[in-house]
Amino acid sequence: MIPTAEQFDLVFIGAGPGGYSGALYAASAGVNVALVEMDALGGTCLNRGCIPAKAFLETAAVHRHVQHAADFGIEASEPRVNFAVTQARKQKIVDGLVGGIAAMCKARKVTVFNGVGRLGADHLVTVTAPDGTTTEITGTNVVLSAGSVPRLIPNFERGGPIMTSDEVLDLDYVPDRVVVVGGGAIGCEFASTFADLGSKVTILEALPKILPGLDADVAGVVVRSFKKKQVDIHTGVMVNGHTPNGAGGTTVHFGDGENVDADAVVISVGRRPYADLLGLDGTGVKVDERGFVVVDEFCRTGEDGVYAIGDLIDTPQLAHVGYAEAILVVKQTLGEEAMPVQYDRVPWAIYCHPEVAWAGPGEEEAKAAGHDVVVAKHPFKFNSRAQILGELDGLAKIIAEKRPDGRPGRILGVHMVGPWVTEQLSGGYLAVNWEATVDEVAEFIQPHPTLTELFGETVMTLTGRNFNG
Ligand SMILES: Cc1cc2nc3c(=O)[nH]c(=O)nc-3n(C[C@H](O)[C@H](O)[C@H](O)COP(=O)(O)OP(=O)(O)OC[C@H]3O[C@@H](n4cnc5c(N)ncnc54)[C@H](O)[C@@H]3O)c2cc1C
């Protein structure tokens, strides 16, 4: 007798933010779920991304605070970094969160399979365990959530001083000289971390500016703050190769014959979708020329009942976008009404110092999209809480649609840079996604003294009046 494959309502291949959140969300609705993962639960985000990178940034913040303790009347000696402790602390946080997902899966009766999942015809998923044994399962619906891996560039192979985010997050020491190749969000977070910990940091970026997607006023604040930290920023330069120095470091060659010495080179030039092990033979799932699984706005692939979400598809590579796509898919499999994700309005956050957060288009982007806009911006230096914190770099900027009478109407974009703005975005995110007008949001009261008063003050300015000029 041919053994029949175990049948589930829903099978997720890949247990990163897309897969594990979808599995837990579906299970909370009573769905019989299987979750296939070849490595650790939590995926990139928990193990090699968001969480460990922010743990490092928090250590950098503590170092910064102790260095400036005297400004607050606290006399402390010059701080010394023991990064092995930082690494152990980070790993404890990661292990705790990964264990939490495992416990939640158990509690909600999600069946976890440890191994590589391959999708074949008729929703059959073959799981190959680390010992080579295989198990076959099927799902009424299958979700591909295999995520992404770091990209590399020619002439830079991983090993020794050449690192991707994966290796950097395993460091237990602070390199003296760090070269970051790529000035996007991940590159800037590492640049900020190591600069605050005392490394000599150089950023090499091929495009004309770092953080290219950002509103120009916001990006300008980050650049000025990085320069205060002595970060050396080279834009519009190609990185050509490197020559190891025989002592564990290397010399990076860039631009027109320029060189920079490094003890660590962090390649952060983006991430590529990881469909490599998914099989997909005999299925209608299509992969495009850049490796992304092709989906429609409901995350449906070309195969009926097979969906793809998260970094595997060509949507913003953010953990919370993976969560949103997971919910979108689960609702559809439950026969519920589901709204496609509005990708141009998702919240974005970069946790470098100063932090950056936004939702909706920046000024240039809104104008390029054909909007006639009214803009207001306010600096953190006039905010009392920012003064108390001693964190004066930054601003809030609001982009509103200009009404026919010339007054600002609907809020299109909210962009912030400065202290704890990643925690302050929710008001702006709500305004953008609720399609609220300036007059409506101006009615809301912000508590005093808070950093969020800056958002309120900026909205108020758009009404034509304010407290601070
Ligand atoms: C350094 C860094 C910092 C980041 N910071 C942030 C941040 O602050 N905020 C934010 O929103 N995003 C951040 N990101 C991005 C975020 O990590 C990703 O967007 C998110 O992890 C994508 O989730 P995912 O579920 O699509 O894929 P992943 O998290 O990549 O998970 C995919 C999982 O699938 C598994 N897998 C792959 N193929 C198979 C297979 N065939 N069978 C079984 N298992 C398989 C992999 O082992 C992996 O565990 C960061 C990323 C990095 C690298």
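Residue numbers count from 1 along this sequence. First listed ligand is number 1; within each ligand, the first listed atom is number 1. Since we're looking at a predicted model, the values are computed, not measured.
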Would you say [Y] and [X] are linked by a side-chain donor-acceptor pair, where the criterion is simply a distance under 3.5 Å?
| X | Y | result |
| --- | --- | --- |
| K229 | H353 | yes |
| T235 | E205 | no |
| R385 | T452 | no |
| T164 | E167 | yes |
| T86 | E58 | no |

* Kindly assign one of parallel, tilted or perpendicular to the pair F194 and F83, based on the angle between their ring planes and the thresholds 30° and 60°. =>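 F194 and F83: tilted rings.
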What atoms of ligand 1 come closer than 4.0 angstrom to any heavy atom of [X]?
| X | result |
| --- | --- |
| L318 | 10 (C), 11 (O), 12 (N), 19 (O) |
| L278 | 41 (N) |
| G147 | 26 (O), 27 (O), 28 (P), 30 (O), 32 (C) |
| Y274 | 37 (C), 38 (N) |
| G18 | 25 (O) |
| S148 | 30 (O) |
| V116 | 41 (N), 42 (N) |
| I186 | 1 (C), 2 (C), 51 (C), 52 (C), 53 (C) |

In terms of residue, atom name and distance, what is the protein heavy atom nearest to [atom]?
| atom | result |
| --- | --- |
| atom 31 (O) of ligand 1 | G16 CA, 3.4 Å |
| atom 37 (C) of ligand 1 | A146 O, 3.2 Å |
| atom 18 (C) of ligand 1 | D311 OD2, 3.3 Å |
| atom 50 (C) of ligand 1 | C50 N, 3.8 Å |
| atom 46 (C) of ligand 1 | E37 OE2, 3.5 Å |
| atom 24 (P) of ligand 1 | P17 CD, 3.9 Å |
| atom 8 (O) of ligand 1 | K54 NZ, 2.6 Å |
| atom 30 (O) of ligand 1 | T44 OG1, 2.6 Å |

Hey, are [X] and [Y] close enough for a salt bridge, meaning a charged N less than 4.0 Å from a carboxylate O?
| X | Y | result |
| --- | --- | --- |
| R224 | D393 | no |
| K200 | D176 | no |
| K377 | E363 | no |

* Part of R118 within contact of ligand 1 (heavy atoms, under 4.0 Å) ->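 Neither; nothing of R118 gets under 4.0 Å from ligand 1.
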* Asked: So which bit of I13 gets within less than 4.0 Å of ligand 1, heavy atoms only: side chain, backbone, both or neither?
  ->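 Only the side chain of I13 comes within reach of ligand 1.
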* Asked: Under 3.5 Å between some N or O of ligand 1 and some N or O of A53?
  ->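 No; the residue has no nitrogen or oxygen that sits under 3.5 Å from a nitrogen or oxygen of the ligand.
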* Check: L169 N/O within less than 3.5 Å of ligand 1 N/O ->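 Checking ligand 1 against L169, no N or O pair falls under 3.5 Å apart.
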So with a 6.0 Å cut-off around [atom1] of [X], is the heavy-atom count from everything else above 12?
| X | atom1 | result |
| --- | --- | --- |
| D304 | CG | no |
| E336 | CD | yes |
| R89 | CZ | no |

* Report yes or no: does H415 contribute a side-chain atom to a donor-acceptor pair with the main-chain N or O of G362 at less than 3.5 Å? =>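 Yes: the side chain of H415 pairs with the backbone of G362.
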* Asked: Quick one: does D196's side chain have a donor or acceptor within less than 3.5 Å of a partner on R64's backbone?
  ->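 No; zero donor-acceptor contacts below 3.5 Å.
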Taking the non-hydrogen atoms of [X], is any one of them nearer than 4.0 angstrom to ligand 1?
| X | result |
| --- | --- |
| R271 | yes |
| P52 | no |
| S145 | yes |

* Asked: With respect to atom 41 (N) of ligand 1, which of G14, G187, G117, A275 exhibits the smallest heavy-atom separation?
  ->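 The option holding the nearest heavy atom is G117.
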* To do: Could you pull out, from G279, A319, A349, the option with a heavy atom nearest to atom 10 (C) of ligand 1?
  =>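 The nearest heavy atom belongs to A319.
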* Evaluate side-chain contact (heavy atoms from CB on, under 4.5 Å) for R48 paired with D39, printing each intermediate quantity in order. => CA-CA 12 Å; R48 300 173 294 281; D39 192 352; 3.4 Å; yes
